[in-house]
Amino acid sequence: MNSNADDSGAEILANPTELAVAPPNVPRHVAIIMDGNGRWALGRGLSRTEGHRRGMEAVRTAVETSRELGVSYLTLFSFSSENWSRPPLEVQFLFGLLRLFIQRDLAELHRNGVRVTVIGDRVRLTSDIRSLLDKAETLTRDNKGLRLVIAFNYGARDEITRAVRRIGEDVAAGRLSPDAIDEAAIQSRLDTAGMPDPDLIIRTSGEMRLSNFLLWQAAYAELVFVPAFWPDFDRAAYLQAVEEYARRVRRFGGVAARRSG
Ligand code: IPE
Ligand code: IPE
Ligand code: MG
């Protein structure tokens, strides 16, 4: 945590096209709610699925920009536990896109030292998708570069519920005393165990809600809502969001002003 108020990060980012080095106020963990694919497409007379297809391009840009900035963790909300309520064909298409992304991009991610982790409930996923996700995690397990966290079939309430169920099992089996249930006990049973909380949560498409994303982990995240639909979220838009983050003053409940980063 950078305790010296320091504007240099914001200055470097003020001219996004000339960003050459990682500024000091870059968030360690960026999490993105990639929203607005459908509206992006409908506004162009295209099908919603075309919007999702273009959204995959924006994913590649976000990964590249994260690496360029020196972000350590990038969490992407790809499919929520509530997205099952969409028309079956759209759900099927989104599953196909995940499959395609891993098949097409995994080798390059691996070459670039990216470590892939998937969070969310895998039980309801078909075994072919599950093994694809396992393969991506296993192949990249020892990579030391960007940690790309894909939230798929993820919902924060579901994640917390599963963690609480595990705590109940541990208590019932005598492995855990109720007195020992503290924040760390909960945290270590979440899908994000071992990861730092997000510093910056970005949501595209102008909606200002979390839609069941990282509710526990977002306790002190800085929230940045951007009007652009996800397929239009390019490098410049990402840098602008980080610039906004770099201007925020984080207090974590205290009084001493601490700059972001
Ligand atoms: C985000 O775009 C992608 C997913 C939620 C899977 P949407 O599909 O939600 O697009 P809008 O919000 O309907 O425009
Ligand atoms: C959130 O977007 C989920 C993902 C981006 C995967 P939604 O489009 O599902 O959220 P709501 O329904 O507008 O809240
Ligand atoms: Mg949406």
Side-chain angles (χ1 to χ4, degrees), residues 29-63 65-66 73-102 104-105 116-126 129 132-133 136 148-162 190-192 195 198 200-218 221-234 237-238 241:
H29 184 171
V30 176
I32 307 182
I33 303 171
M34 310 184 289
D35 197 17
N37 292 350
R39 280 164 285 165
W40 179 92
L42 293 180
R44 287 167 173 74
L46 304 168
S47 63
R48 288 179 57 84
T49 50
E50 189 52 34
H52 295 314
R53 207 193 308 273
R54 288 294 296 265
M56 197 159 84
E57 298 301 321
V59 167
R60 295 191 176 110
T61 304
V63 169
T65 309
S66 299
Y73 293 79
L74 173 66
T75 300
L76 297 177
F77 202 6
S78 307
F79 187 85
S80 80
S81 46
E82 286 73 37
N83 287 149
W84 289 100
S85 63
R86 296 188 177 202
L89 278 179
E90 181 170 343
V91 171
Q92 222 175 57
F93 188 87
L94 289 167
F95 275 68
L97 265 193
L98 175 73
R99 225 180 252 127
L100 204 66
F101 177 71
I102 291 179
R104 280 200 193 154
D105 290 49
V116 178
T117 301
V118 182
I119 59 170
D121 187 5
R122 291 193 209 182
V123 172
R124 272 187 81 185
L125 304 181
T126 55
I129 292 252
L132 210 56
L133 300 179
L148 174 62
V149 183
I150 301 173
F152 197 86
N153 194 23
Y154 174 86
R157 287 182 172 183
D158 173 67
E159 176 192 37
I160 294 168
T161 304
R162 285 186 281 109
L190 295 173
D191 296 349
T192 53
M195 300 179 202
L200 166 62
I201 295 182
I202 300 168
R203 181 172 189 147
T204 57
S205 90
E207 306 295 353
M208 295 187 192
R209 55 177 172 264
L210 289 174
S211 300
N212 203 14
F213 187 48
L214 300 177
L215 296 183
W216 172 281
Q217 299 87 339
E222 294 297 326
L223 310 181
V224 172
F225 298 101
V226 305
F229 294 134
W230 175 247
D232 289 330
F233 189 78
D234 56 11
Y238 192 160

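Counting from 1, the numbers follow the sequence of the chain as shown. Counting starts at 1 for both ligands and their atoms, following the listed order. Only heavy atoms go into these numbers, but all of them, side chains included; no hydrogens, no water, no symmetry mates.
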For R54 and E57, what are the C-alpha separation, side-chain angles and deciding distance, and is it a salt bridge (Lys or Arg N to Asp or Glu O under 4.0 Å)? CA-CA 5 Å; R54 288 294 296 265; E57 298 301 321; over 6 Å; no
Do R203 and L223 come within less than 4.5 Å of each other through their side chains, counting heavy atoms only? no
Are any non-hydrogen side-chain atoms of P198 and L214 less than 4.5 angstrom apart? yes
Is there at least one pair of N or O atoms, one from S211 and one from ligand 2, spaced under 3.5 Å apart? yes
With a 4.0 Å cut-off on heavy atoms, does G36 reach ligand 1? yes
Closest approach of F213 and A31, non-hydrogen atoms and distance? CE2-CB, 3.8 Å
For the Mg ion (ligand 3), which protein N/O/S atoms are closer than 2.8 Å? D35 OD1
Will you find, in the side chains of S80 and N83, an N or O donor that is under 3.5 Å from an N or O acceptor? yes
Is any side-chain heavy atom of I202 closer than 4.5 Å to one of F233? yes
For atom 1 (C) of ligand 1, the closest protein heavy atom turns out to be M34 O, 2.9 Å
With sequence neighbours left out, what residues match R99 under salt bridge (Lys or Arg N to Asp or Glu O under 4.0 Å)? D128
Considering both backbone and side-chain atoms of R86, is one of its nitrogen or oxygen atoms within less than 3.5 Å of a nitrogen or oxygen in ligand 2? yes
Under 4.0 Å, heavy atoms only, figure out whether ligand 1 is touched by the backbone of N83, its side chain, both or neither. side chain
What atoms of ligand 1 come within less than 4.0 Å of a heavy atom belonging to H52? 3 (C), 8 (O)
Near F79 (heavy-atom distance under 4.0 Å), the atoms of ligand 2 are 6 (C)
Test item: T75 and Q217 side chains (from C-beta on) under 4.5 Å apart, heavy atoms: no
F79: which residues meet the ring pair (Phe, Tyr, Trp, His ring centres under 6.0 Å) condition with it, sequence neighbours left out? W84, F95, F152
Got N212 and D158 here, is their nearest side-chain heavy-atom distance under 4.5 Å? no
Within the structure, is a non-hydrogen atom of G51 found at a distance of less than 4.0 Å from ligand 1? no
Which pair of heavy atoms, one from A218 and one from L210, lies closest together, and at what distance? CB-CD1, 4.5 Å
What protein heavy atom sits nearest atom 6 (C) of ligand 1, and how far away is it? S78 O, 3.4 Å
Please indicate whether any nitrogen or oxygen in R48 is less than 3.5 Å from any nitrogen or oxygen in ligand 1. yes
Give yes or no for whether the N/O distance cutoff of 3.5 Å, strictly under, is met between R203 and ligand 2. yes
Got the closest protein heavy atom to atom 2 (O) of ligand 1, with its distance? N37 N, 3.1 Å
Answer yes or no: is there an ion pair linking E159 with R162, defined by an N-O contact shorter than 4.0 Å? no
Residues at least two apart in sequence or cross-chain that pass salt bridge (Lys or Arg N to Asp or Glu O under 4.0 Å) with R124, listed by chain then number, are none
So, is G38 polar-close to ligand 1, with some N/O to N/O distance under 3.5 Å? yes
In terms of residue, atom name and distance, what is the protein heavy atom nearest to atom 13 (O) of ligand 2? R209 NH2, 2.8 Å
